[in-house]
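Okay, so here's the structure we're looking at.
Numbers restart at 1 for each chain; the letters A, B, ... are given by sequence-line order, proteins then strands.
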Amino acid sequence: MESKNDNIGFRRNGKLKYRTWLILFFLLSMGIVLFAGLYIYNSSQLLMRETSQMFDKNNELTEVYNEVQKLQAELETYLSTSSSDSLLSFYEYMGNIGKNVGSLLSNADNSARGVKIKNVSNMIQHYLTLAEDTANAKRGRNTDAYISNYRDTVKINGYISDYIKGIMSGDLTDSAAKYLILRSRMQNATIINYLLLGCICVFAIGAIVVFSREVTKPITRLSDYASEISRGNFDIVIEPSNSGSEIDMLYKVFDLMVINIRDHVNQLQEKRRLERTLHRQKMNNLVMQNALHEAELLALQSQMNPHFIFNTISIGANIAMLQGDDVVRSYLENAADIFRYNLKGLESYATLQEEIDNAVAYMYVLKARFGDSIEFEINTGDDPRALKLAVPHMMLQPIIENAYIHGISGKEEGGRITLHVESSSSYVYVTVSDTGPGMSNETIDALLKGESKRKKPAIGHTTGIGIDNVLRRLRMIFETQDVMDIKCNSAGTRIIFKLPYPAEEGDKYVQRSSG
Amino acid sequence: MKRIFIAMSATLLLLIILSVMLFVDENNTVNSGASSPGYYIQIITQSANTYFTKMLKTGAGAMGEELDVYVEFVNIGYRDSEELVAIEQAIYAKVDGIALQAADITKTSDLIKKAEDAGIAVILYENDMFFIPEVASVGSNSYEIGMLAGQMGIEVTDGYAKTVVILNAANNDDESLYKNLKVQGILDVFSNYPNMKIDGIYALDSGMFEVERLTGRILDDHPDVSLIICADERSTPGVAQVLVDAGRVTDVDVVGYGAMLQTLNYIERGVICGSICPDAEAVGSAIVKQLYAKIKGNNISDYYNTQIFAVRAENVNDFRLEPNGK
């Protein structure tokens with residue numbers, strides 16, 4: 001429902017509606033053309049009227065002149081023949097002349113010509129009276145009277161004729177002068193009319209061009225915006241049209257539409273991003289499971305029953321304790337701890353402290369086995385936050401085992417394995433170094449890229465878990481590739497774990513470790 | 001957008017104003033001269049081209065406008081019958097008043113009586129030849145004109161001259177000419193100067209071309225003439241021209257009449273010594289004024305005299321700028 005203002009061509013903000021602008025434009029254009037045509041027509045008509053008036057006046061006088069002459073002729077005929085036809089014609093002419101003279105008098109103005117017309121009209125009226133008296137005298141057989149009157153009518157008729165001829169002569173002179181003036185005015189009027197017509201045409205064309213440009217400009221701009229949006233640019237700024245019409249509303253709605261589309265597209269993009277993250281997590285989980293399965297398979301391949309070994313070693317430790325052999329007891333207790341730790345499974349999490357304890361136990365066992373040819377050095381620092389960090393189970397022990405087997409065991413003079421922990425605000429750095437012969441750069445690259453060829457575990461390995469397995473699990477858990485680095489030189493090999501602290505307390509690592 | 005509409009509205013307004021102006025102009029043209037005058041009079045004049053007639057029309061027209069009287073000038077030729085016809089036509093045209101210069105006594109008196117019987121007021125102007133009783137007259141005093149002309153003649157000839165007088169008169173018998181008031185005025189002035197003699201009085205009875213023949217005859221008949229007093233406006237330049245052609249300018253002094261442009265030029269060049277000039281504008285004004293009073297039924301005086309000027313070389317330029325020297 002349109003409001004009252006809408007009905008009379010205004011929008012609610014008091015501005016004219018677009019339709020009203022268009023109607024006004026067409027009405028004004030029509031008005032201009034109409035009045036221009038009217039002016040040209042009227043100016044031409046005025047000149048034509050003046051021309052025709054000039055001739056009409058002359059015709060009127062000529063008619064009276066002719067009728068007066070005919071009247072005189074009929075009077076003479078009647079006087080000489082007493083013809084009733086002539087008398088009838090005489091009275092008929094008298095009636096006509098009377099009417100025409102009345103018309104002449106009523107139309108006569110107070111110009112010089114008008115005064116002359118009045119003069120001759122009065123003469124004619126006097127003449128008509130005298131002529132009628134003459135005819136009556138004839139009918140009354142008053143011979144002397146009609147002869148005398150006739151002489152007077154002849155004289156006055158002559159005066160009238162001369163007077164009318166004088167007026168006509170004056171008219172002719174005036175007409176010639178007036179014609180020159182009229183011709184000049186006509187020429188001027190023609191020039192003015194052509195100029196007016198030309199100006200109006202130019203003005204109308206100009207107005208149409210400007211108006212159509214003004215009308216289409218906001219629409220063209222809107223079209224450009226639409227084109228820009230169709231190319232995917234939703235960040236354009238829609239400038240308001242300020243045309244004060246429905247176009248303003250169109251711009252507002254279009255702007256709102258662009259904002260909505262932009263929001264909708266952003267939502268879609270966010271959804272896609274989340275889906276990609278989810279998918280990546282799923283993939284990580286699958287890889288994790290795969291790594292665990294692989295580790296378990298490797299454990300099975302060791303063909304040992306950890307429970308049986310653990311029980312056996314525990315009993316041995318108890319026996320050694322009963323027999324008072326503390327060295328054997330410590331050895332067996334450490335070995336039992338190692339196996340017990342192994343029994344927890346690879347899928348679980350441990351704190352860094354637990355991993356270090358397990359590594360220490362393992363080192364003790366190695367030390368017991370190989371005596372002074374191997375030295376261990378442990379420096380765990382004093383940052384309790386670092387030691388509480390959740391890490392994958394069996395992270396350090398395989399590394400230390402590798403350091404011994406591939407590093408030191410081949411050297412007759414033995415060697416040293418160092419475990420060093422230090423932390424920064426964002427990371428915990430755990431370094432396992434040995435004084436072994438090291439490894440080639442190709443091997444290091446292959447290990448870090450996860451491209452090392454899978455080999456059967458070497459003899460003496462506890463679990464068969466290699467560096468690559470540890471590395472994969474670390475990357476999956478911490479969701480970053482940069483978790484481990486290997487540096488080699490003539491002094492040995494250093495494996496450096498770079499473990500990030502969780503972003504917030506109660507993060508997934510803590511939850512996993514607690515689970 | 002608004003600027004387009006303002007321009008279009010202004011154009012439309014301009015066209016409407018132009019159309020309205022055209023309409024108003026047309027109506028004004030149609031209604032021009034619509035005011036109807038209170039009375040309508042005719043002034044019958046001879047020789048429309050003289051200075052006297054032009055100034056007469058000016059004065060009469062101005063007074064007519066002032067008194068709301070329409071003044072029609074009927075120009076006639078020099079035949080007496082034309083004036084009689086004009087008077088009769090005016091009677092049949094039922095005008096309110098007629099002013100004329102009498103062409104004769106008998107016929108003009110009859111027509112004046114006929115006009116007055118028809119209720120038309122009649123007066124005479126500049127009438128110094130034909131006395132018509134009981135008809136009021138307006139104009140300069142002919143006797144005074146004669147005196148001034150004679151006085152000017154005495155001045156230019158130092159009181160010693162053989163004089164010939166030229167008059168504009170229909171009846172040129174010697175007895176009537178000597179009764180002419182202008183001649184009477186000249187004679188009266190000359191009577192005090194014994195050496196001022198009038199050798200002849202001549203009358204011009206038709207047209208402009210008569211003067212050349214007449215002046216030639218005067219020079220032949222009076223070879224020792226030293227002063228010509230011409231009392232006719234139209235003839236004064238003609239007399240001067242004949243003297244120039246005959247090489248008699250230094251021998252013969254001329255006192256003229258009226259203030260035609262040629263007369264003024266001859267005065268400036270010294271061919272004509274001076275001219276006596278009636279106040280034609282005042283005559284025209286007085287004609288209308290007197291006729292108006294008569295039409296209204298008021299009594300008017302039988303004679304209404306107007307001023308006379310003497311134009312000389314000293315004041316001719318002032319006279320040229322302001323025709324009556326006012």
Taking the side chain as everything from C-beta on, heavy atoms only, tell me whether A:Gln72 gets closer than 4.5 Å to A:Thr153.
yes
Quick one: does A:Leu61's side chain get under 4.5 Å of A:Ile117's, heavy atoms only?
yes
Segment of A:Ser121 engaging chain B (4.5 angstrom heavy-atom cut-off)
neither
Report which part of A:Ile160 has an atom under 4.5 Å of a heavy atom belonging to chain B: side chain, backbone, both, or neither.
neither
Chain A contact via B:Glu72 - which portion, at a heavy-atom distance below 4.5 Å:
side chain
Non-neighbouring partners of B:Ser285 that pass side-chain hydrogen bond (donor to acceptor under 3.5 Å, both in side chains), sequence neighbours left out:
none
Which residues share a salt bridge (Lys or Arg N to Asp or Glu O under 4.0 Å) with A:Asp171, sequence neighbours left out
A:Arg113
Check whether A:Leu196 gets within reach of chain B through its side chain, its backbone, both or neither, counting any heavy atom under 4.5 Å.
side chain
Chain B shares the most heavy-atom pairs under 4.5 Å, among A:Tyr127, A:Tyr159, A:Phe25, A:Tyr163, with A:Tyr159
Using the side-chain contact (heavy atoms from CB on, under 4.5 Å) rule, pick out the option among B:Ile44, B:Thr45, B:Leu111, B:Val74 that qualifies with B:Glu83.
B:Ile44
